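Reading through the structure tokens given below for one structure.
What you are looking at is a predicted structure, and each value in this text was computed from that prediction instead of being measured. Letters go in sequence order (proteins before strands), and every chain restarts at 1.
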Amino acid sequence: MSMGKNYFEILKERGFLKQCTDEEAVTGLLQAGPVSAYIGFDPTARSLHAGTLVPIMALVHLERAGHTPIAVVGGGTGLIGDPSGKTEQRQLLSREDLRLNFDAIRAQLGKFLDFAGGKSLAVDNAEWIEPLNYVAFLRDIGRHFSVNKMLSYEAYKQRMEKGLSFVEFNYQLLQAYDFLQLYQRHGCRLQMGGDDQWGNIVAGTDLIRRVEGGQAHGLTFPLLATATGEKMGKTAKGAVWLDADMMSPYDYFQYWLNVDDRDVSRFLGLFTVLPMEEVRSLSALQGAKVRAAKQALAFEATRLCHGEDAARKARDGALAAFSGEGCLDDMPTTTCDRGEFESGVRVNELFVRVGLVSSKGQAAKLFAGGGAFVGERRIKDHNEMVTLADFLEGEAMLKAGKKQRHRLILRG
RNA sequence: GGCGAGAUUCCCGAGUGGCCAAAGGGAGCAGACUGUAAAUCUGCCGGGCUACGCCCUACGGUGGUUCGAAUCCACCUCUCGCCA
């Protein structure tokens, strides 16, 4: 089979690479033919969020390069909880919760990767971790680990201050064991992950060498923060979820459109599959033109997560709401009975009903700040009424701040 | 197991009997300026409501002292440090 550009080069030029066990060896491995490589995903929530998008995209590129991605959703390790980079002990999840999370996350990854067609694999490490026998594990696997060495890792040092339970201390052994299992079962030779996973990844390559005498490799991605120093994927309303029920494609699109200018270039490389020539030319845009780059970023990111149709709708809706182009039907819209506006409807109730604010109290704060509009009319008081006079040809635009808009349509 | 220190709102961090929904900073939201950007300045910033007032919930947990407790007492839980 013919391979295009080396996957390693792709990672490098798109900004995915932080550390690698052996650049030359990995390049060679990838050059030689299709390779299985894996990344572990934490099943601690019902949905993945924008913070886990970097590893997901790394697998997307891997699949596109003709290799075989393996997504390990840690049903087994999830029972323990990775202490890396955490300052406090993780809450342990029940098996049932993990099961539900696992199914949801696998379905979500399935939007990015081709599990159905067999180009990518999704596996649950509970398969080999749950049956483990303690004594056998200690004897066969545990003997390869040096406590002295583990204690010297930066990942554990932090926790040495705060306290680290024995359960968590064992996490690294299990992740290394995952790698070993994947090496044996699927010939997996490469593990990738966030840079906080470095220690765990290297532990896996060591274990494979000791147990199998085999050579495996690891590489890590930089841990992303936005230009303002925030963790990726957080907004006022919470995480930027990849699940359409938890965050609509329209809002997802808006999230990417509103990123800081300084992040656009980097994000285009990481979160789209646009060719690098295009990424570079978009990144070169200056001033107000940066918005064109953001449009591309938002569209591509939304397309990958929610599909072409949803992305188009999100874009058209956003255009309609903010620039008068696009299609009004694709922006958030609520249809109301004409009758209720004859006598008038209280603004605060209206804003709550269409979901622009979460409660009347929130509405009151918005009004006090001067951030609410019905059409061109600024709302200052929660007792104001919205009547037929506020509608133009049966429609009215509600605004909450500069970035949230909602369309009302009269019926009857 | 012993001794010492500690647990405050999304995060950091003040607060030692009423003036405490709790200083200050960060984050966030809103306004002005802009490009649905940044920086800057201004306002908001536990929640709800029949809203210039009322009602819930909150300073690790439980109980107590008091007219009144984040603040005092007792016990418990967890964390950190030293010792075993």
Side-chain angles (χ1 to χ4, degrees), chain A residues 49 51 83 85-92 156-168 225-240 250-268 282-299 301-302 314-326 330-332 346-349 351-352 355-373 376-384 397-407:
Chain A
H49 51 85
K86 302 293 185 304
T87 51
E88 276 167 36
Q89 176 156 5
R90 302 287 277 301
Q91 206 182 345
L92 299 181
Y156 289 114
K157 270 188 189 156
Q158 271 191 45
R159 293 296 301 272
M160 296 307 287
E161 315 276 314
K162 287 264 182 182
L164 178 69
S165 78
F166 186 65
V167 178
E168 291 178 288
T226 64
T228 44
E230 278 296 278
K231 259 192 203 155
M232 270 300 294
K234 295 276 184 183
T235 70
K237 289 177 183 168
V240 177
Y250 177 86
D251 286 332
Y252 190 78
F253 183 93
Q254 286 294 316
Y255 171 78
W256 293 106
L257 192 71
N258 282 310
V259 299
D260 192 298
D261 281 16
R262 291 167 292 179
D263 290 324
V264 177
S265 170
R266 211 163 33 124
F267 286 4
L268 279 166
L282 285 168
S283 300
L285 297 173
Q286 293 293 319
K289 291 194 175 125
V290 173
R291 282 188 51 217
K294 291 187 186 181
Q295 293 274 1
L297 170 65
F299 181 78
T302 308
R315 182 192 58 198
D316 292 349
L319 277 173
F322 293 99
S323 71
E325 298 164 40
D330 288 326
M331 69 171 292
R346 297 268 298 267
V347 259
N348 56 359
E349 283 165 20
F351 271 65
V352 171
L356 282 172
V357 291
S358 57
S359 72
K360 291 181 189 173
Q362 292 301 318
K365 281 176 185 159
L366 181 68
F367 299 155
F373 290 84
E376 296 303 311
R377 174 177 147 221
R378 175 172 262 163
I379 304 300
K380 269 299 190 187
D381 187 280
H382 58 271
N383 285 315
E384 289 183 39
M397 187 74 79
L398 304 184
K399 298 179 198 169
K402 280 180 295 192
K403 294 170 190 170
Q404 285 192 82
R405 301 188 175 185
H406 198 98
R407 187 170 68 134

key: 5' priority, RNA chain B, between A:L366 and A:F253 [closest heavy atom]   =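 By nearest-heavy-atom nucleotide position, the 5'-most residue is A:L366.
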task = Using heavy atoms to find the nearest nucleotide of RNA chain B for A:A400 and A:V290 separately, return the residue whose nucleotide is more 5′.
result = A:A400
Protein and nucleotides 52-55 of chain B: nitrogen or oxygen contacts under 3.5 angstrom:
none

inquiry  = Under 4.0 Å, heavy atoms only, any strand: does A:A318 hit a base, just the sugar-phosphate, or nothing?
reply    =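 It contacts base atoms.
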task = Give one of base, sugar-phosphate or nothing for A:K294, where a contact means two heavy atoms less than 4.0 Å apart.
result = base
Taking side chain to side chain contact (heavy atoms under 4.5 Å, CB included) as the test, write out the residues that go with [X], two or more places apart.
| X | value |
| --- | --- |
| A:A400 | A:F351, A:L356, A:L366, A:Q404 |
| A:V290 | A:D261, A:V264, A:K294 |
| A:S359 | A:Q362 |

Each nucleotide N or O in nucleotides 41-43 of chain B that has a protein N or O under 3.5 Å away: list the pair and distance.
none

task = Using the salt bridge (charged side-chain N to carboxylate O under 4.0 Å, His left out) rule, collect all pairs that involve residues 358-373 of chain A, keeping only residues at least two apart or in two chains.
result =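 Of all non-adjacent pairs touching residues 358-373 of chain A, those that pass salt bridge (charged side-chain N to carboxylate O under 4.0 Å, His left out) are A:E349-A:K360.
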Euclidean distance, atom CZ of residue A:F322 to atom C1' of B:G35 [Å, nearest integer] =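 Atom-to-atom, A:F322 to B:G35, this comes out as 13 Å.
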Run the salt bridge (Lys or Arg N to Asp or Glu O under 4.0 Å) test against [X] and tell me which residues pass, sequence neighbours left out.
| X | result |
| --- | --- |
| A:D330 | none |
| A:R407 | A:D329, A:E395 |
| A:R377 | A:E384, A:D390 |

request  = Tell me, please, which residues at least two apart from A:F253 pass ring pair (Phe, Tyr, Trp, His ring centres under 6.0 Å).
outcome  =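 A:F253 satisfies ring pair (Phe, Tyr, Trp, His ring centres under 6.0 Å) with no other residue.
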request  = Could you pull out all residues at least two apart from A:Y250 that satisfy ring pair (Phe, Tyr, Trp, His ring centres under 6.0 Å)?
outcome  =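 A:Y250 satisfies ring pair (Phe, Tyr, Trp, His ring centres under 6.0 Å) with no residue once adjacent residues are dropped.
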ask   = Quick one: what's the B/S/- string for nucleotides 46-51 of chain B, heavy-atom cutoff under 4.0 Å, read 5' to 3'?
value = -SSSSB
task = Enter syn or anti for the glycosidic conformation of B:C52, syn applying to angles within 90° of 0.
result =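 In terms of base orientation relative to the sugar, B:C52 is syn.
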query = Cation over ring, A:R378 on A:F373, under 6.0 Å and within 45°?
reply = no
ask   = How long is the gap from CZ on A:R405 to CG on A:L398, to the nearest 0.5 Å?
value = 11.0 Å
